[in-house]
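Working notes, structure below.
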Amino acid sequence: MISWLSHLGRSFIFLLQLLAALIPASSKLRVRLLTQQIWSVGNQSLVIIVVSGIFVGMVLALQGYRTLVTFGAEESLGVVVGLSIVRELGPVLTGLLFAGRAGSALAAEIGLMRATEQIDGLELMAVDPVRRLLVPRFIAVMVSLPLLTAIFSCMAIGAAGAHLIGVDLLGVDSGAYWSQMKAAVDFNHDVLNGVIKSVVFAFGVGWISLYQGFFAAPTSEGVGRATTRTVVLSSLFILGSNFVLTALLFGGL
């Protein structure tokens, strides 16, 4: 328990240091580093997000149609798909995939810098490693995850995902699919709340992955443990905070 509380306190102190380093204006060097990190954590995660979005949309349309057709309500497939993806599956699954791919990569990268004494070298040269290494990566996570969530949702709902199965293969009317979805999915209540979820998930993934990498034991085994903890803790954070946010944003409690 004492060890757990110690790690918890150190993680909050680390978070305060990270947030304090965000305040100074970005220099040209930091902008360049930020661009590189957005490419690394965002663009490099695009393929798995797109492919996963397509197949999730297909499965959701297939299962939703089989359920709705028993009630003669197959024309409401667009509502089921739209609300499910925008409210829950889009932010949550994107966050989990992002944590498994980008979060683990960030923890391993920073952990290897610790193991090879690169971080110690920066400190000896009076260079703040938090501002130099961690801030661009944290901002890149905050920017990339909401955008990837939007891409995931579009691929799941659109012509390559649920629309392909529901309309093109199962025969649901295309006009009813889109019109009922448009009428049921509210931008302020559904879409923006999904964006809020993705921002919170990005905050948690960035915080956990950078903390685990920065304080990893300077050995290959320590880096491996930090990477594993990043995926596990990020997944638990996403699932737990999703319940809280759903209860608060959608009036579940």
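Throughout, numbering of the chain's residues begins at 1 and tracks the sequence. The figures that follow rest on heavy atoms only: side chains count, while hydrogens, waters and symmetry mates do not. What you are looking at is a predicted structure, and each value in this text was computed from that prediction instead of being measured.
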Spacing of F152 atom CZ and I85 atom CD1 [to the nearest 0.5 Å]: 5.5 Å
Spacing of L106 atom CG and L133 atom CG [to the nearest 0.5 Å]: 11.5 Å
Backbone N/O of I238 and side chain of N242: donor-acceptor pair under 3.5 Å: no
Residue pair I157 / H163, side-chain heavy-atom distance below 4.5 Å: no
Min side-chain heavy-atom separation V200-F237 under 4.5 Å: yes
Side-chain (K197) to main-chain (R87) donor-acceptor, under 3.5 angstrom: yes
Hphob cluster co-occupancy, L236 + V92, side-chain heavy atoms under 4.5 angstrom: no
Check: P218 main-chain N/O paired with R114 side-chain donor or acceptor under 3.5 Å: no
L8-F215 co-clustered via ILVMFWY side chain contacts under 4.5 Å: yes
Flag, side chain of S234 to backbone of V231, donor-acceptor distance under 3.5 Å: no
Cluster link V232 to V223, ILVMFWY, side chain under 4.5 Å: no
Y65 vs I165 side-chain heavy atoms within contact, under 4.5 Å: no
Spatial distance of atom CD1 (I139) from atom CZ (R137) [nearest 0.5 Å]: 12.0 Å
Min side-chain heavy-atom separation R131-L22 under 4.5 Å: no
Check: G206 main-chain N/O paired with S209 side-chain donor or acceptor under 3.5 Å: yes
Cluster link L210 to W39, ILVMFWY, side chain under 4.5 Å: no
S104 side chain to R101 backbone, donor-acceptor under 3.5 Å: yes
Exercise: do T116 and Q118 side chains pair donor with acceptor under 3.5 Å: yes
Within-4.5 Å side-chain heavy-atom neighbours: L93 and S52: no
F138 vs Q37 side-chain heavy atoms within contact, under 4.5 Å: no
Gap separating the CG atom of L15 from the CD1 atom of I208, nearest 0.5 angstrom: 10.5 Å
Sub-4.5 Å side-chain heavy-atom contact between R132 and L33: yes
Main-chain N/O of S11 paired with W207 side-chain donor or acceptor, under 3.5 Å: yes
Criterion side chain to side chain contact (heavy atoms under 4.5 Å, CB included) on I151 and M155, from CA distance to verdict: CA-CA 6 Å; I151 294 173; M155 298 306 299; 4.2 Å; yes
S153 side chain vs T149 backbone, donor-acceptor pair below 3.5 Å: yes
S45 side, atom OG; L147 side, atom CG - distance, nearest 0.5 Å: 12.0 Å
Spatial distance of atom OG (S76) from atom CZ (F71) [nearest 0.5 Å]: 12.0 Å
